[in-house]
There are 2 protein chains.
Amino acid sequence: MNISANQASELSAQQEYPSFEQRHYVEDVSVLFEMVGLPRMAGRIFGWLLISEPPYQSHSELAEVLQASKGSISTMTRLLMQIGLIERFSLPGQRRDYFRIKPDSWSEMMRQRIVQNTAFREIAERGLKLLQDTPAHLHQRLEEMRDIHAFCERELPVLLERWEQERRQPQTNSQVSL
Amino acid sequence: MNISANQASELSAQQEYPSFEQRHYVEDVSVLFEMVGLPRMAGRIFGWLLISEPPYQSHSELAEVLQASKGSISTMTRLLMQIGLIERFSLPGQRRDYFRIKPDSWSEMMRQRIVQNTAFREIAERGLKLLQDTPAHLHQRLEEMRDIHAFCERELPVLLERWEQERRQPQTNSQVSL
DNA sequence: ACATCTGTTCAGTAAATACTGAACAAACTA
DNA sequence: TAGTTTGTTCAGTATTTACTGAACAGATGT
């Protein structure tokens, strides 16, 4: 039986309790998350995973560092995995699971934006159907809404593709070749 | 004293109470709004302004059609104006004000996204400062976050510009000239 | 088998938010 | 001037949401 690990605290030797600056950082990330409509606790978890050493943290480490209940951590990590920002993995020979920022998480989010964008285009088209027997000037607002979303529906995937490429070969196109 | 207008109802002759389909449409727009983190009532107002005849509606027309309190309409129209989705105007010789979908509202929203994007890049950079005395492998997650947001910070304004142009001269570049 | 550790579920509550309706203010009319 | 109309503010309520903590379930080790 391995009793070398600290039993009093889940925190490993290399990771002290968060410093003042670290706690402040975590809080600020949580505020950003709130701004885009996500729960604060999800932002705290994400914020801590951005700066923690090591870059992966267990369920109970998160609970301790963030002073949150296990239930809350469980719910929020599930949410963060759902929207593709973090991932779960296990280390061989260790029972507990760890979470870390998912490489590529931001592309994932961008893809979800594209899905939302499609929903807006579709509802604009539904609106136009409702107005199909009316004078054309009533259609303008919906046509504009449809057109910009159709535009983004075409262009955002292209942008995403460019990003993926640029990331693989950095420096290659600091001078963009248009 | 002009008593020709319907006194019983604020609704003009050309606009009946919303039909079943119209009510349904308004509800669906409100659900979309909720999805992106905005109040339902704001979505209802916006949804109705998308399909109403005429395309502009007064404060009290909105209250009546959407069965909402004047207070709610007042608060939510203010919110919608703040985020740039609707605008307020008055017709000469009429006391009351009207609201309508703001032409260009979507570009406005895109500009706000760009601002949010900048906030994310900045907090990534703050995280990197916190980790500046640590091994490089700890920086990866934050560098990726910074890089994609910096990428979008450069590219989204370009995209927006392209959209503005394309809108002014439609058909000109269905075949994009890259 | 039993004890231990890890994580989930869920009922309850604390806090935030949307919404109402009444009181108020400002602008116009007679 | 008083009376109407139009719109805002704000206190109060109802609903939703975030979060806790305890009970539970499953896996591992002895």
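Throughout, a chain's letter reflects where its sequence line sits, starting with A, and its residues are numbered from 1.
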Inset, instruction - Select base, sugar-phosphate, or nothing to describe what A:Q94 touches, counting heavy atoms under 4.0 Å on all strands. - result: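 Answer is nothing: A:Q94 stays at 4.0 Å or more from every strand.
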
Nearest-angstrom distance from the residue atom [atom1] of [X] to [atom2] of [N]:
X: B:L79; N: C:dC19; atom1: CG; atom2: C1'; value: 14 Å
X: A:L66; N: D:dA18; atom1: CG; atom2: P; value: 17 Å
X: B:F99; N: D:dG7; atom1: CZ; atom2: P; value: 7 Å
X: B:F33; N: D:dT16; atom1: CZ; atom2: P; value: 20 Å
X: A:R40; N: D:dA18; atom1: CZ; atom2: P; value: 12 Å
X: B:H59; N: C:dG21; atom1: NE2; atom2: C1'; value: 13 Å
X: B:M76; N: D:dG7; atom1: CE; atom2: C1'; value: 16 Å
X: A:D97; N: C:dT6; atom1: CG; atom2: P; value: 11 Å

Legend entry - Contact nearer the 5' end of DNA chain D, comparing A:G37 with A:G71: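 Looking at the nearest nucleotide for each, A:G37 comes out on the 5' side.
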
Measure from the side-chain heavy atoms of [X] and tell me the nearest of [options].
X: B:R96; options: D:dA18, C:dC19, D:dT6; value: D:dT6
X: A:P39; options: D:dA18, D:dG7, C:dC19; value: D:dA18
X: A:R95; options: C:dT8, C:dT20, D:dG29; value: D:dG29
X: B:M41; options: C:dT8, C:dC19, D:dG7; value: C:dC19
X: A:S74; options: D:dG7, C:dC19, C:dT8; value: C:dT8

Legend entry - Any donor-acceptor N/O pair, A:R167 side chain to A:R162 backbone, under 3.5 Å: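 Answer holds: no.
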
Inset, instruction - Check for a donor-acceptor pair, side chain of B:R44 on one end and backbone N or O of B:V26 on the other, with a separation under 3.5 Å. - result: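 The answer is no, because no donor-acceptor pair under 3.5 Å joins these two groups.
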
Counting only pairs under 3.5 Å, give me each side-chain donor-acceptor contact of residues 80-92 of chain B, with atom names and distances, residues two or more places apart or in other chains.
from	atom 1	to	atom 2	distance (Å)
B:E87	OE2	B:R100	NE	2.9
B:E87	OE2	B:R100	NH2	3.4
B:R88	NE	B:D97	OD2	3.0

Inset, instruction - Go through the side-chain N and O atoms of A:H24 and A:S19 and say whether any donor and acceptor fall under 3.5 Å apart. - result: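 On atom types as modelled, these side chains do not qualify, holding no pair under 3.5 Å.
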
OP1 or OP2 of [N] less than 4.0 angstrom from a side-chain nitrogen or oxygen of [X], does that happen here?
X: B:S72; N: C:dA18; result: no
X: A:R44; N: D:dA18; result: no
X: A:S69; N: D:dC19; result: no
X: B:R88; N: D:dT8; result: yes

Legend entry - Toward the 5' end of DNA chain C, by each residue's nearest nucleotide, A:E34 or A:R78: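 The residue closer to the strand's 5' end, by nearest nucleotide, is A:R78.
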
Inset, instruction - Tell me which of B:I73 and A:Y98 sits closer to the 5' end of DNA chain C, going by the nucleotide each one is nearest to. - result: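 Checking each residue's closest nucleotide, the 5'-ward one belongs to A:Y98.
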
Legend entry - B:E161 with B:R168: basic N within carboxylate O range, under 4.0 Å: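 A salt bridge is absent here (no side-chain N lies under 4.0 Å from a carboxylate O).
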
Legend entry - Note, B:M41 side chain near B:S30 side chain (heavy atom, < 4.5 Å):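 When only atoms from C-beta onward are counted, B:S30 and B:M41 do not touch, as no gap falls below 4.5 Å.
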
